[in-house]
2 protein chains.
Amino acid sequence: MDTSGIFAQFERHIALDEKEKLSIRSVLISARLRQGEFVETVGKVTANFIYVNSGCLMTYYTDADGSDHVIQFAMAGWWTGDLHSFTKEEPSIYSTRALADSEVFYLPKADMEMLLQKFPKLERYFRILFQNSIVSHQYRLIQNLSATADQRYENFSKRYPSLEQYVPLKYIASYLGITPEFLSKIRRKRSGH
Amino acid sequence: MDTSGIFAQFERHIALDEKEKLSIRSVLISARLRQGEFVETVGKVTANFIYVNSGCLMTYYTDADGSDHVIQFAMAGWWTGDLHSFTKEEPSIYSTRALADSEVFYLPKADMEMLLQKFPKLERYFRILFQNSIVSHQYRLIQNLSATADQRYENFSKRYPSLEQYVPLKYIASYLGITPEFLSKIRRKRSGH
DNA sequence: ATTAAATCTTAATCTGGTTCAAGGTCCACC
DNA sequence: GGTGGACCTTGAACCAGATTAAGATTTAAT
């Protein structure tokens, strides 16, 4: 599978020489996912950090009532997975699945740790990645605390216009923290009457 | 000011020798804050990453209506600040202030970058710190999406028992995403009738 | 092509939580 | 020791969004 995308991603924050790329390439596991296919399931330890090369993945939490709550969508160029399970090696409370046919690279935990030891600049890469991710999480939190469903939907559409193609509305509703029915109402109002 | 706490914190994830500690100590700026004092205010660029040595700080967002929404509390041993403003050097949308008399260390951005260059193991420290922070943020997001105010309050009390001493209830309500009035109602129900 | 399943919409009703307004409590400060 | 101010509580009216149930539309499998 083509690794130019993932290296372009690394090189947004750090420089890599051929030797380093070779090491990284040698541990990445490429996989093709069919739409709907599960990557991680509740109860199993997350063995890999996941890079989305193409397509779109979704990570969600299923509560006691059986309702799903979307934590994040991951498009091409994003990393995803359950960091809690991955870090602590405890069973995951989330599920991750493909929303469209997708190509991903798995980075197994042991290999990731090896790479981090061997190339400290990768620590820098992931430090920056996670730092930015915190900013996004805080932004979303603020949105949920202070904006109406209507405003949240508008911001979501602006922020992730491409997602509305891939993603069924019910998952967008879930991401926004509302029901599909209410999103439907919002959309009708928005579209004129 | 006593730096043993902050180094103990570093050493939870990385080992530091005396030379490294000296470098770090030489750039940390210690400060004492009075209860209520502002550390960062809306509209100004966040110049420092902030370590809380003792006491308790709070970071919050003030929306268009003038309501405050608490993003995080930071107790002794925690780092805090507006990572967006700090990273991008854009005006902060958050305020940070002391909830009790507190001691903090400021780590100015330029010094932090210098330290990260000089001691790559600090990249590792902050990578782990941020990685864990993402897990917490996701946990809170899930709570807000799937649990009732009642459950959220219960979980908060269990998770941060010490905070209920420092923190006025109205800020806990804000953190939970409800009004003080409704928190009051929840507390009454909880305490018998 | 046909059917079944998943998704999206509509409308009526209901509820968790807000808003508004008032009163009570606990300080700090002159 | 009283007065002002921040905080907490209470209750009534209200609303954003949930729930329930039904129908309409799209998608995918046979």
Side-chain angles (χ1 to χ4, degrees), chain A residues 33-38 56 58 60 62-70 73 95 97-101 143-157 163-193, chain B residues 34-38 56 58 60 62-70 73 97-101 143-157 163-193:
Chain A
L33 302 170
R34 286 309 187 80
Q35 177 169 13
E37 194 174 331
F38 282 86
C56 184
M58 167 180 100
Y60 60 96
T62 306
D63 68 19
D65 303 342
S67 323
D68 293 339
H69 303 276
V70 175
F73 299 114
S95 307
R97 48 194 293 219
L99 282 170
D101 292 353
Q143 285 281 110
N144 284 344
L145 293 178
S146 69
T148 63
D150 203 339
Q151 296 166 322
R152 257 142 55 211
Y153 176 55
E154 179 162 10
N155 290 340
F156 178 85
S157 302
L163 269 174
E164 277 194 277
Q165 285 133 26
Y166 282 116
V167 180
L169 287 172
K170 65 173 188 166
Y171 295 131
I172 294 180
S174 166
Y175 181 90
L176 296 174
I178 59 178
T179 57
E181 291 89 345
F182 194 62
L183 178 56
S184 201
K185 225 177 270 184
I186 289 171
R187 283 163 57 81
R188 181 164 55 138
K189 220 179 301 168
R190 189 161 293 269
S191 76
H193 43 97
Chain B
R34 286 310 186 81
Q35 177 169 10
E37 194 173 332
F38 281 85
C56 184
M58 167 178 100
Y60 60 97
T62 305
D63 68 20
D65 302 343
S67 324
D68 294 338
H69 304 275
V70 175
F73 299 114
R97 50 195 294 219
L99 282 170
D101 291 353
Q143 286 280 110
N144 284 344
L145 293 178
S146 70
T148 64
D150 202 339
Q151 295 167 322
R152 257 140 56 210
Y153 177 55
E154 178 161 11
N155 290 342
F156 178 85
S157 302
L163 270 174
E164 277 194 276
Q165 284 132 26
Y166 283 114
V167 180
L169 286 173
K170 64 172 186 167
Y171 295 132
I172 294 181
S174 167
Y175 181 90
L176 297 174
I178 59 178
T179 56
E181 291 89 342
F182 194 62
L183 178 56
S184 200
K185 234 174 260 186
I186 289 171
R187 284 163 55 82
R188 182 163 54 135
K189 219 181 299 168
R190 190 162 292 271
S191 75
H193 42 96

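Side chains are part of it too, since the values below use all heavy atoms of this structure and drop only hydrogens, waters and symmetry mates. Here is the naming used below: chain letters follow the sequence lines, and residue numbers restart at 1 for every chain.
Judged purely by atom type and a 3.5 angstrom limit, A:D101 uses its side chain to pair as donor or acceptor with the backbone of A:Q35.
Looking only at side-chain heavy atoms (C-beta outward), B:L145 and A:D63 stay at 4.5 Å or farther from each other.
The CG atom of B:L176 sits 16 Å away from the C1' atom of D:dC8 (whole-angstrom rounding). The separation between A:L99 atom CG and C:dT7 atom C1' is 14 Å, rounded to whole Å. For the pair B:L169 CG and D:dT9 C1', the computed distance is 10 Å after rounding to whole Å. D:dT27 atom C1' lies 14 Å from atom CG of A:D101, rounded to whole Å. Remark: P of D:dC7 and CG of B:D68 are 11 Å apart, rounded to the nearest angstrom. Atom CD in B:Q151 sits roughly 12 Å away from atom C1' in C:dG16 (whole-Å rounding). Atom pair A:R190:CZ and C:dT9:P shows a separation of 13 Å (rounding to whole Å applied). Taking atom CD of B:Q35 as the reference point, atom P of D:dA6 lies 13 Å away to the nearest angstrom.
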* **B:F73 and B:Y166: CA distance, side-chain angles, deciding distance, side-chain contact (heavy atoms from CB on, under 4.5 Å) verdict** => CA-CA 10 Å; B:F73 299 114; B:Y166 283 114; over 6 Å; no
* To do: Dump the intermediate steps for side-chain contact (heavy atoms from CB on, under 4.5 Å) on B:Y153 and B:R187, then the final yes or no.
  => CA-CA 9 Å; B:Y153 177 55; B:R187 284 163 55 82; 2.9 Å; yes
Shorter than 3.5 Å, N or O on both sides, protein versus nucleotides 13-20 of chain D: list them out with atom names.
unit_1, atom_1, unit_2, atom_2, d
D:dG17, OP1, A:A149, N, 3.2
D:dA18, OP2, A:T179, N, 3.2
D:dA18, OP2, A:T179, OG1, 3.1

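Considering only side-chain N and O atoms, B:R188 lies under 4.0 angstrom from the phosphate OP1 or OP2 of D:dT10.
Once rounded to the nearest 0.5 Å, the distance linking CZ of A:F156 with CD1 of A:I172 reads 4.5 Å.
Every residue two or more places apart in sequence or in another chain was checked for a salt bridge (Lys or Arg N to Asp or Glu O under 4.0 Å) with B:E37, and none qualifies.
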